[in-house]
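The structure under discussion appears below in the form of structure tokens.
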There are 2 protein chains.
Amino acid sequence: MNIQLKINMNDKLFIRDPEQSELGKKIILHSIQLIHKNGFEAFTFKKLALDIGTTEAGIYRYFENKHRLLIYLTAWYWSWLEYQVTFQTNNIKDPAVKLKQVIKLLATTVEDDNSTLYVNESILHQIIITEGTKAYLTKRVSEDNKDHLFKPYKDLCALIGNMILECNPDYTYPKSLASTIIEMAHFQNFFMNNLPSLTDFGQDKNEAEIVKFLEDLVFSSIK
Amino acid sequence: MNIQLKINMNDKLFIRDPEQSELGKKIILHSIQLIHKNGFEAFTFKKLALDIGTTEAGIYRYFENKHRLLIYLTAWYWSWLEYQVTFQTNNIKDPAVKLKQVIKLLATTVEDDNSTLYVNESILHQIIITEGTKAYLTKRVSEDNKDHLFKPYKDLCALIGNMILECNPDYTYPKSLASTIIEMAHFQNFFMNNLPSLTDFGQDKNEAEIVKFLEDLVFSSIK
DNA sequence: TCTTGGATGATAGTAACACTATCTTTGCAA
DNA sequence: TTGCAAAGATAGTGTTACTATCATCCAAGA
């Protein structure tokens with residue numbers, strides 16, 4: 001089976017759709033590599049252009065600025081992850097089993113998905129851990145939200161929130177618990193690898209421990 | 001009673017101690033105002049100098065760059081908060097009551113503390129919500145951690161972790177739960193005010209709801 | 001076959017940002 | 001009174017974050 005996955009992106013995220021051209025795809029591919037390598041702060045369109053072999057102006061024809069590109073990458077990731085969640089929980093009847101599967105998907109290193117050609121999901125996952133929150137932790141968040149730039153994130157959160165309600169329809173905080181496990185899946189991972197004393201996983205640095213912590217957190221809460 | 005609170009800062013955080021001079025104190029005072037007003041990305045030493053009525057070079061004599069200044073402000077805040085936590089939970093015997101008090105301190109708007117003259121804790125709290133994680137979500141995190149720049153944050157986390165253990169010595173994830181409630185006290189607040197559909201507090205935007213959510217989360221987990 | 005328009009390349013330019021350097025002035029302290 | 005450190009004043013450099021313009025190239029349509 002050779003299926004290709006096409007994620008529809010909100011067209012306010014870009015000036016010209018990067019999926020519609022070779023240069024556009026290169027921008028996505030190389031920006032993921034560069035941001036991963038040097039971090040978002042050190043990432044510039046000049047360096048990206050040099051890396052690709054095009055010019056700065058060329059990049060600006062696709063994205064307004066690097067912050068928009070970051071929002072694009074995060075939006076792409078959340079959309080892809082929502083698809084993964086839907087796919088991987090399909091046909092699971094027991095809502096608790098379903099929720100465990102989701103936690104695993106959130107907190108475990110993703111394998112590179114070959115049905116998307118110019119995105120390395122594994123590296124993108126690393127970027128989301130370190131840079132993901134910077135997409136919305138800005139003064140522009142409300143404006144950007146009005147343009148629906150964070151819809152994929154909110155959709156995933158709503159999906160998980162509903163799964164929580166499936167487990168316990170009386171639980172009072174499904175959405176907050178959903179956003180908590182999404183963010184903590186990433187933060188605990190970052191802490192484990194960089195500031196281990198903030199976690200209980202410092203010894204073996206094992207993602208499975210994060211999964212166990214989150215499962216304990218969630219299932220204790222919804223009981 | 002007129003007591004003044006002096007927080008001892010790691011001297012790797014600055015080039016010249018801002019608490020030792022008028023100009024230094026102005027830098028702290030005005031940087032808090034400017035970052036709060038325009039956000040950390042738009043904040044520059046040029047603008048800060050103009051705001052204070054000094055020159056760019058003057059600021060650079062105190063702080064290496066704006067990122068170091070941000071780490072300074074966050075470190076100050078966490079130290080101050082640890083003091084508040086210690087003070088406000090003093091003489092409370094029941095560990096559960098203690099922990100509830102801590103959650104309230106974390107998730108509730110702080111009043112400006114008049115025992116610190118040139119820091120407005122209330123505004124600083126807002127900054128920490130939006131910009132706090134940017135202090136450590138960088139490529140430099142390990143180096144900065146080696147210089148103990150995040151010690152106040154880690155100390156607070158350890159303190160709360162120990163309170164959790166006081167409630168239940170058998171709980172497996174005290175440190176991760178501590179870092180979770182610290183971060184979530186802020187994230188849920190940010191979401192409530194900016195991306196409300198990620199929370200269950202969209203209607204009345206009441207911080208007391210966040211407190212209830214966190215209490216439920218914590219006490220369900222440690223049972 | 002010609003042409004036309006859209007994508008790209010090449011080049012240039014500007015304002016702001018992130019510093020560094022140097023020299024002068026000020027104020028207080030030995 | 002001299003001396004020294006903090007602060008002010010000014011200048012300069014390389015980089016970042018764009019914007020503008022003009023040339024080229026290529027594929028689709030007339």
Side-chain angles (χ1 to χ4, degrees), chain A residues 9 11-31 34-35 37-73 118 131 134-135 138-140 143-144, chain B residues 9 11-31 34-35 37-73 118 131 134-135 138-140 143-144:
Chain A
M9 302 294 290
D11 61 14
K12 296 223 168 156
L13 284 166
F14 47 75
I15 294 168
R16 181 175 302 163
D17 187 353
E19 306 204 38
Q20 299 301 318
S21 74
E22 280 313 304
L23 181 58
K25 289 170 190 170
K26 274 191 200 167
I27 290 173
I28 303 304
L29 183 71
H30 286 80
S31 66
L34 268 185
I35 294 174
K37 192 175 160 210
N38 305 320
F40 184 65
E41 278 71 34
F43 170 77
T44 70
F45 277 5
K46 180 100 189 174
K47 290 174 191 165
L48 178 59
L50 211 70
D51 202 51
I52 293 175
T54 182
T55 59
E56 234 182 321
I59 315 287
Y60 278 104
R61 288 187 183 115
Y62 283 84
F63 291 99
E64 213 176 308
N65 53 51
K66 71 172 183 169
H67 184 249
R68 276 293 160 109
L69 174 52
L70 179 66
I71 301 181
Y72 180 94
L73 293 178
Y118 47 94
E131 323 289 357
K134 296 172 190 170
T138 69
K139 283 279 158 187
R140 285 190 48 94
E143 285 168 76
D144 288 346
Chain B
M9 303 294 290
D11 62 13
K12 297 223 169 159
L13 283 168
F14 47 75
I15 295 167
R16 182 175 301 163
D17 187 354
E19 307 205 36
Q20 299 301 317
S21 73
E22 281 312 305
L23 180 58
K25 288 171 191 170
K26 274 191 200 166
I27 290 173
I28 304 303
L29 183 70
H30 286 81
S31 65
L34 268 185
I35 294 173
K37 193 176 158 208
N38 305 320
F40 185 65
E41 278 71 34
F43 171 76
T44 71
F45 277 5
K46 181 98 189 173
K47 290 174 191 166
L48 177 59
L50 210 70
D51 202 51
I52 293 174
T54 182
T55 60
E56 234 181 319
I59 316 285
Y60 278 105
R61 288 189 182 111
Y62 284 84
F63 291 99
E64 214 176 306
N65 53 50
K66 71 172 184 170
H67 185 247
R68 275 293 160 110
L69 175 51
L70 179 66
I71 300 181
Y72 180 95
L73 293 178
Y118 47 93
E131 323 288 356
K134 296 172 190 170
T138 69
K139 282 280 157 187
R140 285 189 50 91
E143 284 168 76
D144 289 345

Q: Look at the side chain of B:E56 and decide which nucleotide, out of C:dC19, C:dC17, D:dA7, has an atom nearest to it.
A: C:dC19

Q | Donor-acceptor pair between A:S21 and A:Y62 side chains, under 3.5 angstrom | A | yes

Q) Any side-chain N or O of A:T55 under 4.0 Å from OP1/OP2 of C:dT11? A) no

(Q) When you compare the side chain of A:I27 with that of A:T54, does any pair of heavy atoms fall below 4.5 Å? (A) no

Q: Using a 4.0 Å heavy-atom cut-off across all strands, classify B:K26 as base, sugar-phosphate, or nothing.
A: nothing

Q. Do other residues, nucleotides or ligands put more than 12 heavy atoms under 6.0 Å from the NZ atom of B:K46?
A. no

Q) Any chance NZ of B:K37 has more than 12 other-residue heavy atoms, nucleotides or ligands included, within less than 6.0 Å? A) no

**Q.** Nearest-nucleotide pick for A:L23, side chain only, options being C:dG9, C:dC19, D:dA6
**A.** C:dG9

Q) Please give, in whole Å, the distance from C:dT20 P to B:I59 CD1? A) 15 Å

Q) C:dC17 P sits how many Å from A:K46 NZ, rounded? A) 19 Å

Q.
How many whole angstroms separate atom NE2 of A:H67 from atom P of D:dT16?
A. 19 Å

Q) Mapping A:F45 and A:A57 to their closest nucleotides on DNA chain D, which lands nearer the 5' end? A) A:F45

**Q.** salt_bridge(A:D144, A:R68) N-O dist < 4.0 Å
**A.** yes

Q | Candidates C:dT22, C:dT8, C:dA10 - which lies nearest the side chain of A:Y62 | A | C:dT8

Q: Measure from CD1 on A:I15 to C1' on D:dA17 and round the result to the nearest Å.
A: 13 Å

Q) What is the distance, rounded to the nearest whole Å, between atom CD of A:Q20 and atom P of C:dG6? A) 15 Å

Q | Atom-pair distance (OH on B:Y60; C1' on D:dG8), nearest Å | A | 17 Å

**Q.** N or O in side chain of B:K66 less than 4.0 angstrom from C:dC17 OP1/OP2
**A.** no

Q) Just how far, in rounded Å, is P of C:dC17 from CG of B:N38? A) 11 Å

Q) Between B:T54 and D:dA7, does any side-chain N or O lie under 4.0 Å from OP1 or OP2? A) no

Q) Taking CZ from A:F63 and C1' from C:dA7, how many angstroms apart are they, rounded to a whole number? A) 16 Å

Q. Under 4.0 angstrom, heavy atoms only, what part of the nucleic acid is B:R61 near: base, sugar-phosphate, or nothing?
A. base

